[in-house]
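Below you'll find the structure, written out as structure tokens, and then a few comments.
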Amino acid sequence: MALASLGAQARSEQAAPGGLQASEASLRLEYQRVNVPGDRPLDLMGFHFHQQVMEGIKLGAGFYAPLFKGEYGGFVAADLGVLARYPLAGPWYVTAGLSAGGGGGGRSVEHSKLLSGTGGFIKGHLGLGYDFGDFSVGASLSRLKFRQSLIDGSQANVFIEFPFRYLTGPHAGHGQALPSGDDRRAAQEMGESMLTLSLDNYRQQDPQGSNKRTVGLGELQFAHFFAQDSYWFASLGMGYRGMPLYNQLLGGAGQRWRLSPALTLYGQLGLGSGGYAPEVIDTASGLLVYPRLGLEYALDRDLGLAFTLGYMTAPRGSSRNQTFGLALTRHLRSGQSGDAVGPARYQGLRLSVFQHTAFHLSYREQARPALQMMGLQLDLPLDAHWYLPLQASGAYNAYLGYPGYAEILAGLGLQTALAREDRYQLFGQLMGGANVHGKVAKVSAGLRWIVDERLALNASLGRTLGRGDTGGHFSASNLTLGLDYRFSLPTR
């Protein structure tokens, strides 16, 4: 009943006559300095997306990574949580939040057990903000606790928050043209975005850490244009070869130059955090600077394949890397861009948050304890039956005695077509990617229960198989329970 009521409110809130509705959301950047007993402090930059679900209440997900303090490069954490806001006098407001998640890292692999414990954590915060209209700033007192770790204390937290609105349509409308009224509204209020999946390679230059190999990464990047050819972006990358589970979080800005109808050049500068452990790959405090060029060939109006070149550097460490790779981009255009043809159409999307249990787990022919993981999956429909799933998840309990187990996967999914009156949908998916050991493949099948137009519940069983970079087979059976948010974006 609660889920149905929430879905009904989401449908009625700010609904537009033609089917488009405006959704309220925000991006929050925060910074905190965490004391580590007997060691140098750990500073964490947080990046969070929050979706408003009712007046004053938002649900969201985000990441934390270090920047300037100590030698914690490669530490990363992710969480899911709720954020509340209560207005006071004028532009002042009170904000509070509670979240839980998993992550890990440290100066070395062994040190990660002291710094991050089992990897699971909980965070709460209470603070005061000031709303300038286009953005808000504030400060809060936060409490951060990693289970069985040195991180267990309170600290000050400062933040800046950017609210924004975006238009969504019915998920079932995927591929259909927008009515003329919605088409005009989308052209006025929405812009152009890009979703990019990359396979990048970092060739290390005179590495000082114990790992000397070229590192292969899988990277998912979202970009949005704030001017005709200028964009901001955020990306998550994870190693699958050379250093499994090397990780990085980046954000920055880019520029586009159209060379011909088929060729486009992109240049972007990313700033962020990443690494593994400084004794393995020396990113020191974690700060990364990454300029990169990409030459894209248009496969059709919406898909492009690019070759990329760049140079990744850790200013506070010795890590220097020449980079090269391939990237596949899905363009989402809503405004009246120069190459717009015909009316906008609905591009269906499905975003899922899930609890994932890996049981009957085995590595190197030995049984291991079960893993408990939280994750996100984004599905891009191709038609009524086929879709492309992109999935990232992390454990909140220890694996082989260490924190920080994670997976990043992409693949192909098949589902039964849905009629308007249908309440259930069967699905199956095959994905490949990486975990802490190296390459893995996952197959799963399940059932989706349609709560209403926007929300659905899903359950699936599956099997994961993999082989590590240094040998050793990995296998696990999987049980996944998730909540889907189903919507579409107007794209031209």
CA sep, side-chain torsions, deciding dist, call: Arg454, Arg486, side-chain contact (heavy atoms from CB on, under 4.5 Å): CA-CA 5 Å; Arg454 293 278 172 168; Arg486 309 180 316 135; 5.7 Å; no
Check against side-chain contact (heavy atoms from CB on, under 4.5 Å), Met373 and Asn397: CA-CA 8 Å; Met373 306 170 69; Asn397 66 333; 5.9 Å; no
Verdict with reasoning, Leu44 to Phe75, per side-chain contact (heavy atoms from CB on, under 4.5 Å): CA-CA 9 Å; Leu44 292 176; Phe75 181 99; 3.9 Å; yes
Worked check of side-chain contact (heavy atoms from CB on, under 4.5 Å) between Leu378 and Leu380: CA-CA 7 Å; Leu378 177 66; Leu380 286 76; 3.9 Å; yes
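With Thr480 contributing its side chain and His356 its backbone, the two residues share no donor-acceptor pair below 3.5 Å. A side-chain donor-acceptor contact under 3.5 Å links Thr323 to the backbone of Gly310. Thr308 places a side-chain N or O within 3.5 Å of a backbone atom of Gly325 that can act as its donor or acceptor partner. Distance alone, capped at 3.5 Å, places no donor-acceptor pair between the Ser112 side chain and the Gly104 backbone. A donor-acceptor pair is defined here as one N or O able to donate and one able to accept, closer than 3.5 Å; no such pair exists between the side chain of Asp43 and the backbone of Tyr31. For Arg241 (side chain) and Asn201 (main-chain N/O), no donor-acceptor pair under 3.5 Å exists by modelled atom type. Between the side chain of Asp282 and the backbone N or O of Ser318, at least one donor-acceptor pair lies under 3.5 Å. Remark: side-chain polar atoms of Ser273 are paired, donor with acceptor, to backbone N or O of Pro66 under 3.5 angstrom. His224 places a side-chain N or O within 3.5 Å of a backbone atom of Glu192 that can act as its donor or acceptor partner. Looking at Gln221, its side chain never comes within 3.5 Å of a backbone N or O of Leu236 through a donor-acceptor pair.
Side-chain contact of Thr357 with Gln372: a donor-acceptor pair under 3.5 Å is present, judged by distance alone. Between the side chains of Ser460 and Asn458, no donor-acceptor pair is found at a separation under 3.5 Å. One side chain, Glu219 or Ser235, offers a donor N or O that lies under 3.5 Å from an acceptor on the other. Asn478 and Thr464 share a donor-acceptor pair across their side chains, judged by distance under 3.5 Å alone. Side-chain atoms of Gln268 and Tyr290 form no donor-acceptor pair, as typed in the model, at a separation below 3.5 Å. Inspection of the His331 and Glu296 side chains reveals an N or O donor paired with an N or O acceptor under 3.5 Å.
Between Tyr240 and Ala434, the closest heavy-atom pair is CB-CB, 3.3 Å. The shortest heavy-atom contact between Met374 and Ala100 is CE-O, 3.3 Å. Listed here is the closest heavy atom pair of Tyr64 and Ser99: OH-OG, 4.3 Å.
Ring planes of His437 and Tyr399: perpendicular class, angle over 60° (limits at 30 and 60°). Relative ring orientation between Phe159 and Tyr93 is described as tilted, the plane-to-plane angle lying within the 30° to 60° band. Below 30°, between 30° and 60°, or above 60°: for Tyr166 and Phe49 the angle between ring planes is between 30° and 60°, a tilted geometry.
Within 6.0 Å of OH in Tyr276 there are 12 or fewer heavy atoms belonging to other residues, nucleotides or ligands. Crowding of Tyr86 atom OH: a count of heavy atoms from other residues, nucleotides or ligands under 6.0 Å not exceeding 12. Around the CZ atom of Arg320, the shell of radius 6.0 Å holds more than 12 heavy atoms that belong to other residues, nucleotides or ligands.
Between Thr95 and Arg28, the closest side-chain pair of non-hydrogen atoms falls below 4.5 Å.
Here Asp79 does not pair with Lys123 in a salt bridge; the nearest charged N to carboxylate O distance is not below 4.0 Å.
Annotation: Tyr485 is in aromatic contact with Phe487 [ring centroid separation under 6.0 Å].
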